[in-house]
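Following: one structure in structure tokens, then a few remarks.
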Amino acid sequence: MTDEGLCTFCSGTRPPLPDGARAPVPTSGLGPGASPGPGPGSGPGSGPGSGSGSGGWGVGTWPRSPVGLSRAVIALLGCVIASDLFVIGAGLHLRGLWEGLAADESLNIYIDPGLRAQELYDLAGNVQTAAFLATGVLFIIWFHRTRRNAEVFESGVQRMGPGWAVGGWFVPVANLWFPYRVASGIWEASVRLHPDGGWRTVPKTVLNLWWGGWIVSVLASRIAVSQWNRAREPEQISDAAALVAAADALDAVAAVLAVVFVRAVTRMQVERAGGRQAATVPERAVPGSTAP
């Protein structure tokens, strides 16, 4: 614990080693008296100085706290939700004008009220885009950090490399599946172990709801934008505006689910790191002993 009452993982610091203590490292299977074959903890990401959750962490393989990034991501997701509500309100107001024109062609919405409504809708769209881009950048940074931490906790359950935590979002078609595979590995590796070191499983309900909400939101947005771009008649524009508003509502729901997902993964990683620190008893070097 730090002076502020935070665990060393949450505060981003590293616990000092007691005098004469050595940091625990994973068993390599190549120590004195060991067979030359692979030992416990061997495999991708293991070996001296790197380790999985079951083998301990070396000094150079401590996980990095995702707490600060998660708070920033959650704050920006709140901005996304607010911008979605803003653009929904502006869009429905504009839709009402087009709906009135479809019912009564004698109306003129191209003068002051209609222009103000269009300008408000354009402003709302720009705010929504800015909030989405800023949140996307920071979310991917947080996502990559949790994937790096997952490599420290349990490298054996990772289905895709850490680079895919970033690149997976930008591969056409594959971005509908690759980030989920990365997130699934993060989720499994972040689960806190039993006190005896046994493996625990936590249902992926939060993970599946977040990803399902994101996919539905993306597909609905693409359909709505396509219909909006094709609309020409007042009635078509009114219908398209209603569809865009529905897609924005789904985006807000997806953002709420993203907040739940970010909080869940961050909490799991903090608990996993804190539990591992508490379970690790530093080995003290015997005074006067010499290395073999």
Side-chain angles (χ1 to χ4, degrees), residues 6-14 44-46 50-58 60-78 80 134-171 174-193 199-215 254-277:
L6 297 174
C7 71
T8 54
F9 185 70
C10 298
S11 64
T13 61
R14 298 290 182 264
S46 63
S50 70
S52 64
S54 59
W57 304 327
T61 56
W62 286 95
R64 298 181 63 190
S65 173
V67 174
L69 281 173
S70 72
R71 290 171 180 167
V73 171
I74 290 171
L76 284 177
L77 283 168
V80 168
T135 304
V137 170
L138 204 58
F139 178 89
I140 290 175
I141 294 173
W142 169 86
F143 195 59
H144 183 261
R145 175 167 296 187
T146 57
R147 173 59 183 83
R148 285 291 186 183
N149 289 344
E151 192 76 17
V152 176
F153 296 146
E154 292 290 345
S155 62
V157 300
Q158 303 309 312
R159 299 167 178 81
M160 306 189 74
W164 287 110
V166 178
W169 297 95
F170 302 99
V171 180
N175 57 11
L176 299 176
W177 179 244
F178 280 11
Y180 176 82
R181 287 176 58 83
V182 175
S184 182
I186 293 172
W187 186 273
E188 293 176 11
S190 301
V191 175
R192 188 172 183 175
L193 301 178
W199 189 264
R200 293 175 61 231
T201 58
V202 174
K204 297 180 180 179
T205 306
V206 171
L207 168 64
N208 293 333
L209 285 175
W210 161 66
W211 189 249
W214 165 253
I215 293 300
V256 171
L257 294 174
V259 169
V260 177
F261 171 71
V262 170
R263 287 173 58 88
V265 171
T266 301
R267 182 182 66 252
M268 288 165 61
Q269 292 207 341
V270 169
E271 291 177 352
R272 177 70 188 264
R276 189 63 187 88
Q277 288 183 21

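Excluded from the calculations below are hydrogen atoms, water molecules and symmetry mates; all remaining heavy atoms, backbone and side chain alike, are included.
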Here the gap from Met268 atom CE to Ile186 atom CD1, rounded to the nearest 0.5 Å, amounts to 10.0 Å
Spell out, as yes or no, whether a donor-acceptor pair under 3.5 Å connects the side chain of Arg145 to the backbone of Arg64.
no
Nearest heavy-atom pair of Ser70 and Thr266: which atoms, and what distance?
CB-OG1, 3.2 Å
On a heavy-atom basis, the closest approach of Leu207 and Ser184 is CD2-CA, 3.8 Å
dist Gln269:CD -> Thr146:OG1 (nearest 0.5 Å) comes out at 5.5 Å
What closest approach, in Å, do Ala134 and Leu76 show between heavy atoms, and which atom pair accounts for it?
O-CD1, 3.8 Å
With the side chain counted from C-beta on, respond yes when Gln158 and Arg147 share a heavy-atom pair under 4.5 Å apart, and no when they do not.
yes
Rounded to the nearest 0.5 Å, what separation is found between the CG atom of Asn208 and the OH atom of Tyr180?
4.0 Å
How far apart are the C-alpha atoms of Asn175 and Phe170, what are their side-chain angles, what is the distance that settles it, and do they pass the side chain to side chain contact (heavy atoms under 4.5 Å, CB included) test?
CA-CA 6 Å; Asn175 57 11; Phe170 302 99; over 6 Å; no
Does the side chain to side chain contact (heavy atoms under 4.5 Å, CB included) test come out yes or no for Val262 and Trp210, once each step is laid out?
CA-CA 10 Å; Val262 170; Trp210 161 66; over 6 Å; no
Find the distance between CD (Glu154) and CD (Glu188) and round it off to the nearest 0.5 Å.
10.0 Å
Which distance, rounded to the nearest 0.5 Å, do you find between the CH2 of Trp169 and the NE2 of His144?
13.5 Å
Let me confirm one number: the OG-CD distance from Ser190 to Glu271, rounded to the nearest 0.5 Å.
10.5 Å
Arg263/Val259 under side chain to side chain contact (heavy atoms under 4.5 Å, CB included): CA gap, chis, key distance, verdict:
CA-CA 6 Å; Arg263 287 173 58 88; Val259 169; 3.9 Å; yes
Is there a side chain to side chain contact (heavy atoms under 4.5 Å, CB included) between Val166 and Phe143? Walk through the geometry before answering.
CA-CA 8 Å; Val166 178; Phe143 195 59; over 6 Å; no
Where is the tightest heavy-atom contact between Gly185 and Arg159, given as atom of each residue plus distance?
N-NH1, 3.6 Å
Closest heavy-atom contact between Ala72 and Leu138?
CB-CD2, 3.3 Å
Considering non-hydrogen atoms only, spot the tightest contact between Val80 and Ala255 and give its length.
CG1-CB, 4.2 Å
Kindly assign one of parallel, tilted or perpendicular to the pair Phe261 and Phe139, based on the angle between their ring planes and the thresholds 30° and 60°.
tilted
